Structures are given as C-alpha cells and as structure tokens.
K.L.:
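Attaching a single structure in structure tokens format; questions to follow.
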Amino acid sequence: MSIGSNRVVICVDLDYFYAQSEEVRNPSIKGKPVVVCVFSGRTEISGAVSTSNYVARRLGVRSGMPIALAKKTLARYPDAVFLPMDTDYYDSISSNVMDILRSKSPAFEQSSIDEAYLDVSNETEGDFSRAYELGKKIRAEILEREKLTCSVGIGPNKLVSKMAADSKKPDGLTLVVPGEVQPFLNKLEIGKLFGIGPKTVEKLHELGIGTVVQLAQADIRVLSEHFGEKLGPQLRDAAMGVDDNPVQERGVEQFSRIVTLKRDSNIFDFQDVLEPLAADLSKKLLEYNMLAGSIGIIAITAELKTKTRTRKIENSTDSKAEIVHVASSLFESFFADGNSSHGDLMVRRIGVRVSNLAKPTKDKKEPSLVDFL
DNA sequence: AATACCGGCGAGT
DNA sequence: TCATACTCGCCGGTATT
C-alpha cells in the first residue's frame, strides 16, 4: 500500500546519451571528442550539434551549436569524431534501458529518450536509504547490461529527483531527503531550477528576483500577475521543491516531422517535400494505433521565426494522403495571406504535425491499408 | 460565462 | 561566422455554444 503522501522518487538520466551510445558501438572513440550532429543537408557541414561527449564539452562544444562552429572549436583536435545521428540505434538502446527500469516499479514514467522516473515509495517502504541502495543497483545493472553510465537523483517528487540527478553529472548518484530539499535548492542558481530557462530568469530579474531564496519567498500574486495563474505558482513551487505530479506514463499527444529545405523558399513542390513527412507520420500513427484529429504545418522562416497553422478535421485519420492534402492546403493559405501584407515570406524549414490523437473507436471505418508500404 | 480552438512562446532532451 | 529535430505545456486572443 502507499505510504500516505510521502513519496520516494528516482530519476534516471542517461549520460550524454547519443554520444555515449556511439562510444558503446565503437569503443575506440572513447577519450576522443565525440560530436553527434544533425546534418541539415544545406551544405557539407550545415546543421547543429545534437549532443557531445564530455571530452568535447570540456573543449567548449555545446548542444545546439552550429556544426561549423564545433568544427572550428575542435580544429586543433584532429582526432575529434563527428557522427550523424542514428536515431534507430539510440531508440533500441533506450528501449532496453527502459525495460530494465520498468521492472523496478510499476510506477514508471519515461520522460524522454534518455530519462525516466520511478516512484519507489512502496518498494522502499518510504525509506530513502533503501532507495539509495536501489539507485546503486539500477546504475550497476544499466552499466552491466548496456555499458552505459547514468546519473541518478532521488527525492520526494519528480522535480527534486530531477534536479538531484542534474546536480552531479555524469555518473552521479544524489540523494535529497525531504529535510534537505530547501537547503539543496537554495545552493542552486535560479536558472538551474527545472522549468526556469533564460527568458524566465530575465523576467524574474526585472522583478528583483535573482535567487532561489527570493523566488521561494516571492509574493504569489505578483508572480501570477506576470507569469499567469498556472506558471506563477509553478515557479514558486520549483523554488520550494513542491511537486505533486504523479509518476505515471502520459499518453502521446502529437507527432511531428520537420526538414530543412535546400535553400530558403517561398514556393516549392508541396507534394515532393510533404510526402515523405506525411508518410512517416502516417506510419507512426499506425505503429501507435492512433488517429489524428488535427493536422498542422510548421514553417521556420529565414529569420528563424516559427509559424504554425493547424486544422481540426472532421474524421480522425491516419491516412498519408489526407495528411498531405490538409498540409498542402494549409501551406497554400499560409503563403497566400502571409505574403499579402509585406514582402516575400521566405521559409527555411517546413514540417508537418498531427495532434489531437485518439485511439480508433471500433466503428467501421475502412482501414487505410493502401498507405501501408 | 464557459469551453474550444488556434498561434506564439518557452523549456526541455 | 551559424542557428536540428523533436515533444510538451501554458498563455492570450478569438470564436462558438
């Protein structure tokens, strides 16, 4: 049975996951700077760094950095390794690790490809030292079975366990018992709090809030006024380590596929670009046995601004043809009214999104096997 | 007045 | 200098009921 509301939550975060996976596949690159890249195909080296190992990080390579800049940064290191993303490979390793974690507690939540939470309140009978031992065991098992290191955090909820895991990386194991939550958080920079990024740090500073202590004591009405009825209180909760969200799998809400165009365009062959995107999304819907109730497009302009258009459709669908059709129509009107006011609307990246996902009802609706390759 | 929908934004991996 | 591919959640505006 559950132990009242005193929970014990473990957060497991695989270290520099893509790059470490590459090291597992090819151990000879260990010790060299390893940079996993998303090559956009515009030029030989255009694109961004997805992640890198700690050797590369120490030399200044960061996630999101242009590949060209990473190359420059590592110019003096001829042994540096630049690899393209291999998502299928990372997916399969991730799924092995998640199977290990799932076996530790029925209260399991995968929050990303390389992160998961476990509510082990029952397994440990609310005892944090037992959770610590379990954390050791989990780390040992992932290392033995997949040759991967991870960082583990343990706390009274997801929020604290996550920040505990973040506090010692890579290969860390951090325990924050309830009585230590506030002292633990108080030592952090405000921008290290989960959910508080650069923009929020900036806004908080304008309000005279620069530390975790100040945020924890801030007037909730002031926060709500400036950040909204939900985000305001949430910010203060983050500073106090308060989080009541249960550890449980959340259903998928949307899928999207996006690509970078060879060059910025305001006119392109819709069919050509949209087809493969829609095909992937259709396949994914089939895979998950879901139907999309809304279809949308994403356009990232030459100025790197994101624009979206969404349309709710009458009958939920997983059909590639319908996704292409609706996306085409949305792009047409997007370019039509986007251009009317001022100048050309140049687009750099385009994407398609399906959302409003639902499991198909057992109504007789002809399955679109036609779309299955 | 409440709910639905949409587009923008911020954050995270 | 260049600047990926996703996913999720919230906000405010507007439309619908």
Side-chain angles (χ1 to χ4, degrees), chain A residues 11 13-19 35-43 45-52 62-73 84-87 90-91 94 109-116 151 158-159 162-163 165-166 169 191-204 224-235 238 245 250-261 264 277 280-281 284 293-313 330 334 337-338 348-357:
Chain A
C11 174
D13 185 347
L14 300 171
D15 296 323
Y16 61 104
F17 179 51
Y18 297 169
V35 185
V36 177
C37 304
V38 184
F39 292 100
S40 68
R42 286 209 146 187
T43 70
I45 59 157
S46 66
V49 171
S50 179
T51 192
S52 60
R62 297 282 172 266
S63 288
M65 180 182 265
I67 295 166
L69 184 49
K71 292 243 180 201
K72 208 164 143 183
T73 305
M85 286 240 283
D86 184 349
T87 310
Y90 311 140
D91 275 343
S94 169
E109 176 181 336
Q110 181 176 352
S111 58
S112 78
I113 190 169
D114 66 349
E115 257 186 39
S151 295
K158 287 197 285 183
L159 181 76
K162 166 67 178 159
M163 292 190 283
D166 284 348
K169 289 171 122 177
K192 295 279 186 198
L193 295 177
F194 188 76
I196 301 188
K199 303 284 183 180
T200 308
V201 168
E202 180 74 15
K203 274 183 79 176
L204 286 169
S224 294
E225 185 193 328
H226 287 90
F227 294 95
E229 293 300 322
K230 190 120 185 174
L231 276 179
Q234 207 174 94
L235 292 177
N245 295 123
R250 293 161 301 173
V252 199
E253 298 286 340
Q254 60 176 231
F255 300 120
S256 62
R257 283 284 281 115
I258 186 166
V259 290
T260 301
L261 301 172
D264 296 356
L277 302 183
D280 283 357
L281 292 175
K284 200 131 191 211
S294 297
I295 294 170
I297 58 162
I298 305 155
I300 282 120
T301 66
E303 297 77 37
L304 301 179
K305 284 279 180 192
T306 303
K307 308 272 189 187
T308 64
R309 293 291 183 274
T310 310
R311 181 179 302 164
K312 200 170 184 303
I313 55 178
L330 287 168
F334 172 72
D337 63 61
R348 178 186 177 93
R349 301 163 60 200
I350 70 162
V352 179
R353 175 160 65 204
V354 294
S355 53
N356 243 311
L357 303 189

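Order of the sequence lines fixes the chain letters, A, B, ..., with proteins taken first and strands second; residue numbering starts at 1 for each chain. The figures here come from the full heavy-atom set of this structure, side chains too, leaving out hydrogens, waters and symmetry mates. Every value quoted in this text rests on a predicted model; they were computed, and no experiment measured them.
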K.L.:
Taking the side chain as everything from C-beta on, heavy atoms only, tell me whether A:Lys192 gets closer than 4.5 Å to A:Met163.
P.N.:
no
K.L.:
What's A:Ile196 touching, base or sugar-phosphate or nothing? Going by heavy atoms closer than 4.0 Å.
P.N.:
sugar-phosphate
K.L.:
Name the nucleic acid region contacted by A:Phe39, choosing base, sugar-phosphate or nothing; use a 4.0 angstrom heavy-atom cut-off, strictly under.
P.N.:
nothing
K.L.:
Quick one: is B:dG8 close enough that its OP1 or OP2 comes under 4.0 Å of any side-chain N or O from A:Thr308?
P.N.:
yes
K.L.:
Between OG1 of A:Thr51 and CZ of A:Phe17, what distance do you get to the nearest 0.5 Å?
P.N.:
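Result: 10.5 Å between the selected atoms.
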K.L.:
Under 4.0 Å, counting only non-hydrogen atoms across every strand here, what does A:Lys284 touch: a base, just sugar-phosphate, or nothing?
P.N.:
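The residue A:Lys284 makes sugar-phosphate contact but no base contact.
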K.L.:
Can you tell me which stems involve DNA chain C, if a stem is defined as three or more consecutive Watson-Crick or G-U wobble pairs, both distances under 3.5 Å?
P.N.:
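The stems that DNA chain C takes part in, listed by first number, are B:1-13 with C:5-17.
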K.L.:
If I take atom CD from residue A:Glu303 and atom CG from residue A:Asp264, how far apart are they, to the nearest 0.5 angstrom?
P.N.:
8.0 Å
K.L.:
C:dT7 phosphate, OP1 or OP2: any side-chain N/O from A:Arg250 under 4.0 angstrom?
P.N.:
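For C:dT7, neither OP1 nor OP2 has a side-chain N or O of A:Arg250 closer than 4.0 Å.
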K.L.:
Looking at A:Arg348, does any N or O in its side chain come under 4.0 Å of the phosphate oxygens OP1/OP2 on C:dA3?
P.N.:
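Indeed, a polar side-chain atom of A:Arg348 lies that close.
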K.L.:
For A:Gly64, which contact category applies under a 4.0 Å heavy-atom criterion: base, sugar-phosphate, or nothing?
P.N.:
base
K.L.:
Just the rounded figure in Å: distance from P of C:dT4 to CD1 of A:Ile300.
P.N.:
8 Å
K.L.:
Measure from the side-chain heavy atoms of A:Ser294 and tell me the nearest of B:dC6, C:dC6, C:dA3.
P.N.:
B:dC6
K.L.:
Give one of base, sugar-phosphate or nothing for A:Thr200, where a contact means two heavy atoms less than 4.0 Å apart.
P.N.:
sugar-phosphate
K.L.:
Once you round it to whole Å, what is the distance between C1' of B:dT13 and CG of A:Asp166?
P.N.:
11 Å
K.L.:
What does A:Val252 touch in the nucleic acid at a heavy-atom separation under 4.0 angstrom: a base, only the sugar-phosphate, or nothing?
P.N.:
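Contact class for A:Val252: sugar-phosphate only.
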K.L.:
Base, sugar-phosphate, or nothing for A:Ile258, non-hydrogen atoms under 4.0 angstrom?
P.N.:
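Sugar-phosphate only.
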K.L.:
Distance check: side-chain N/O of A:Arg311 vs OP1/OP2 of B:dC6, anything under 4.0 Å?
P.N.:
no
K.L.:
Can you measure A:Met85 atom CE to B:dT13 atom P for me and round it to whole angstrom units?
P.N.:
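About 15 Å, once rounded to whole Å.
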K.L.:
Are any side-chain N or O atoms of A:Lys203 and backbone N or O atoms of A:His226, one a donor and one an acceptor, separated by less than 3.5 Å?
P.N.:
yes
K.L.:
Can you tell which of C:dC11, C:dC2, C:dT4 lies closest to the side chain of A:Pro66?
P.N.:
C:dC2
K.L.:
Between C:dT1, B:dG10, B:dT13, which one does the side chain of A:Leu69 approach most closely?
P.N.:
C:dT1
K.L.:
State, yes or no, whether a side-chain contact exists between A:Thr308 and A:Arg353 at a heavy-atom distance under 4.5 Å.
P.N.:
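A side-chain contact under 4.5 Å exists here.
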K.L.:
Please give, in whole Å, the distance from B:dG10 C1' to A:His226 NE2?
P.N.:
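Interatomic distance, NE2 of A:His226 to C1' of B:dG10: 18 Å.
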K.L.:
Is the phosphate of B:dC6, meaning OP1 or OP2, less than 4.0 Å from a side-chain N or O of A:Arg309?
P.N.:
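It does not, given that no N or O in the side chain of A:Arg309 lies less than 4.0 Å from OP1 or OP2 of B:dC6.
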K.L.:
Under the side chain to side chain contact (heavy atoms under 4.5 Å, CB included) criterion, do A:Leu281 and A:Gln254 qualify, and how do the steps go?
P.N.:
CA-CA 10 Å; A:Leu281 292 175; A:Gln254 60 176 231; over 6 Å; no
K.L.:
Rounded to whole angstrom units, what separation is found between the CE atom of A:Met65 and the P atom of C:dA5?
P.N.:
18 Å
K.L.:
So what does A:Ile113 hit on the nucleic acid, given a heavy-atom distance under 4.0 Å: a base, only sugar-phosphate, or nothing?
P.N.:
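If one applies the 4.0 Å heavy-atom cut-off, A:Ile113 turns out to touch nothing in the nucleic acid.
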K.L.:
Just the rounded figure in Å: distance from P of C:dT7 to CG of A:Asp91.
P.N.:
11 Å
K.L.:
What nucleic acid atoms does A:Ser46 come within less than 4.0 Å of, heavy atoms only: base, sugar-phosphate, or nothing?
P.N.:
sugar-phosphate
K.L.:
What nucleic acid atoms does A:Ser50 come within less than 4.0 Å of, heavy atoms only: base, sugar-phosphate, or nothing?
P.N.:
nothing
K.L.:
Could you check whether A:Arg257 gets within reach of a base, just the sugar-phosphate, or nothing at all, counting any heavy atom under 4.0 Å?
P.N.:
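Sugar-phosphate, no base atom in range.
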K.L.:
Map A:Leu277 and A:Gly228 onto DNA chain C by nearest heavy atom, then report which one ends up closer to the 5' terminus.
P.N.:
A:Leu277
K.L.:
Is it true that, when you exclude A:Lys169 itself, more than 12 heavy atoms of the residues, nucleotides or ligands shown sit nearer than 6.0 Å to its NZ?
P.N.:
yes
K.L.:
Sub-3.5 Å donor-acceptor pair from the side chain of A:Ser63 to the main-chain atoms of A:Ser50, do we have one?
P.N.:
yes
K.L.:
Figure out the CG/P separation between A:Leu304 and B:dG10, and round it to whole Å.
P.N.:
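A:Leu304 atom CG is separated from B:dG10 atom P by 15 Å.
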K.L.:
Classify A:Phe17 by what it touches in the nucleic acid, base, sugar-phosphate, or nothing, heavy-atom distance under 4.0 Å.
P.N.:
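Nothing, no nucleic acid heavy atom in range.
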K.L.:
Tell me whether the OP1 or OP2 atom of B:dT13 has a side-chain N or O from A:Lys162 closer than 4.0 Å.
P.N.:
yes
K.L.:
OG/A:Ser40 to CD1/A:Ile45 distance, rounded to the nearest 0.5 angstrom?
P.N.:
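The distance works out to 10.0 Å.
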K.L.:
Heavy atoms only, 4.0 Å cut-off, all strands: where does A:Thr260 land among base, sugar-phosphate and nothing?
P.N.:
sugar-phosphate
K.L.:
Measure the distance from CG on A:Leu330 to C1' on B:dC5 and round it to the nearest whole Å.
P.N.:
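Nearest whole value for this atom pair: 14 Å.
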K.L.:
Want to settle it: does A:Glu229 or A:Arg349 sit nearer the 5' end of DNA chain C, counting the closest nucleotide to each?
P.N.:
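Final value for this comparison: A:Arg349.
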K.L.:
Which nucleotide in the set C:dC6, C:dT4, B:dA11 lies at the smallest distance from any side-chain heavy atom of A:Pro198?
P.N.:
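Per side-chain heavy atoms of A:Pro198, the pick is B:dA11.
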K.L.:
Using a 4.0 Å heavy-atom cut-off across all strands, classify A:Gln254 as base, sugar-phosphate, or nothing.
P.N.:
base
K.L.:
Answer yes when A:Lys162 and A:Asp166 have at least one side-chain N-carboxylate O distance shorter than 4.0 Å, and no when they do not.
P.N.:
yes
K.L.:
Measure from the side chain of A:Glu253, starting at C-beta and using heavy atoms only, and say which of B:dG10, C:dC8, C:dC10 lies closest.
P.N.:
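Ranking B:dG10, C:dC8, C:dC10 by closest atom to the A:Glu253 side chain puts C:dC8 first.
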K.L.:
For C:dT7, take OP1 and OP2 only and decide whether either is under 4.0 Å from a side-chain N or O of A:Ser112.
P.N.:
no
K.L.:
Are A:Ser111 and B:dT13 close enough that a side-chain N or O sits under 4.0 Å from OP1 or OP2?
P.N.:
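Answer no for this pair, as no side-chain N or O of A:Ser111 is under 4.0 Å from OP1 or OP2.
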